[in-house]
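Read through the structure below, which is laid out as structure tokens, and then see the notes.
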Amino acid sequence: MQTIRGFRDILPETIALWQKVEKEAKRLFDEFGFKEIRIPVLEKTELFARSIGEATDIVEKEMYTFDDRKGDKLTLRPEATASIVRSYIQHKMYASDPVRKFFMIGPMFRRERPQKGRYRQFYQIDVEVFGIESAYIDTQLIFLLTELFKRLGLTGLSAHINSLGCPDCRPSFQASLLKFLESKKDRLCENCLRRMDKNPLRILDCKVLDCKNAIVDAPSTLDHLCPACTGHFETVKKTLEKQGVDFIIDKSLVRGLDYYTRTAWEIQTTTLGAQSSVAGGGRYDGLVQELGGPPTPGIGFAIGFDRLIEVMEQIETPKEISLDLFIAPLGDTALEKAYQWSCELNPAGILTELDFRGKSMKALMKRADKLKARYVLIAGDDELAKDAIVLRNMTTKDQVSLKIETLIRELIKIIKSK
Ligand code: HAM
């Protein structure tokens with residue numbers, strides 16, 4: 001049996017980097033007052049269709065959707081924002097305090113064509129903020145991302161930002177975009193032609209090369225921003241500059257989800273081939289209301305955890321964890337004793353392994369080497385009878401003999417002192 005295409009195991013050999021990122025991210029979120037939220041992996045299909053948008057790639061062709069036994073249409077979450085908005089509304093969080101700051105880490109599911117940096121089950125580190133309209137929060141989230149990457153020792157990433165405007169500026173932009181697209185009709189793919197009526201903004205996100213070439217000179221939302229959106233974007237840019245966060249204004253950045261308004265951004269890398277976006281986010285000021293809540297501004301981002309790990313693997317080899325102590329018991333009485341010792345030593349902070357299989361001394365020493373044990377405790381019937389258990393330092397090859405009565409205390413003292 002094998003994993004299904006696009007799904008993979010993350011094995012213990014590679015988990016150290018994942019844990020390092022999780023630890024740094026949680027520490028940073030904690031410093032800035034974000035609270036962890038855990039949401040289901042399965043939701044009603046309608047939630048994603050209404051929030052991400054019917055005419056997006058995700059909803060049109062990438063969701064894992066099925067009818068459950070009662071005929072309800074359910075979908076494995078392709079992203080976290082919609083679910084967190086649902087949760088915010090369902091639990092009437094806005095009533096007690098509309099300002100909420102969340103983070104979550106977990107798997108998402110999209111049926112894309114698998115390749116390096118792109119999986120069908122992938123992981124996101126997601127952040128969402130509700131109830132803050134101020135542009136300072138936009139800046140703070142971009143700052144948080146760059147700060148996390150800095151703490152992880154990553155360089156060579158660039159922040160691309162754009163403003164997608166609001167319902168006030170959209171109609172004028174949409175009209176100008178449609179006019180432009182009409183003139184390029186013969187160069188657009190079928191998908192784009194179909195989307196022209198439904199959602200022309202999506203054409204700007206088409207991955208087909210011919211379409212990309214046809215729309216290089218497409219009008220930009222930036223030329224159509226209303227005064228309020230212009231002011232908002234100016235504050236974001238000015239504050240980023242003041243904070244020393246480098247950014248590139250990218251008028252072609254439209255993001256692949258429909259709910260965005262105003263500031264949108266991506267953190268991109270040049271080291272992962274086609275999958276250049278390590279994180280993406282933006283404002284979604286209309287989404288809470290759209291899904292049945294009171295008018296509430298929202299903003300957030302998601303880091304592609306798998307991609308972040310792949311970038312980190314290029315600069316860092318995971319540290320191997322060595323064992324403090326390997327106990328080599330020779331004989332049944334020794335095994336019984338060794339078992340008890342290991343149960344006392346591990347909780348005392350001495351990482352101890354013991355061999356249960358009754359192997360020969362030679363085989364046991366080989367395993368101790370393989371596990372990179374710093375010390376080996378040799379306990380055979382002979383050693384037990386003489387009350388002289390042998391502790392060997394595997395680096396210096398020095399040996400000391402220890403008494404059973406004081407064994408645990410002595411082991412802790414010796415191993416912890418080095
Ligand atoms: P997104 O751009 O669709 O945004 O995904 C965010 C990140 O997830 C991407 O930049 C990428 O690193 C990673 N990602 C996406 N698809 C895959 C895949 N198939 N394999 C590996 N990594 C992938 C969102 O999901 C929004 N919900 C972000 C957001 C939060 N906006 C506001 N709040």
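Note: hydrogens, waters and symmetry copies are ignored here, and every other heavy atom, side chains too, is used. Since this is a predicted model, take the numbers as computed values, not measurements. Both ligands and their constituent atoms are indexed starting at 1 by order of listing.
- Ring to ring, Phe103 and Phe34 are not that close: their centroids are 6.0 angstrom or more apart.
- Figure legend: Arg100 and Tyr88 shown without cation-pi pairing, the cationic atom not lying both under 6.0 angstrom from the six-membered ring centre and within 45 degrees of its axis.
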Pair Arg151, Glu31 - check salt bridge (Lys or Arg N to Asp or Glu O under 4.0 Å), show working. CA-CA 13 Å; Arg151 290 185 188 187; Glu31 286 171 18; 2.9 Å; yes
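- Residue pairs that meet the ring-ring contact (aromatic ring centres under 6.0 Å, His included) test with at least one member in residues 266-315, sequence neighbours left out, are Trp18-Phe305, Tyr259-Tyr284.
- For a heavy-atom separation below 4.0 Å, the residues in contact with ligand 1 are Glu79, Thr81, Arg110, Glu112, Gly117, Arg118, Tyr119, Phe122, Gln124, Asp126, Glu128, Arg255, Leu257, Tyr259, Tyr260, Ser277, Val278, Ala279, Gly280, Gly281, Gly282, Tyr284, Gly300, Phe301, Ala302, Gly304, Arg307.
- Side-chain N/O atoms of Thr81 and Glu128 include a donor and acceptor closer than 3.5 Å.
- Side-chain polar atoms of Glu62 and Tyr64 form no donor-acceptor pair below 3.5 angstrom.
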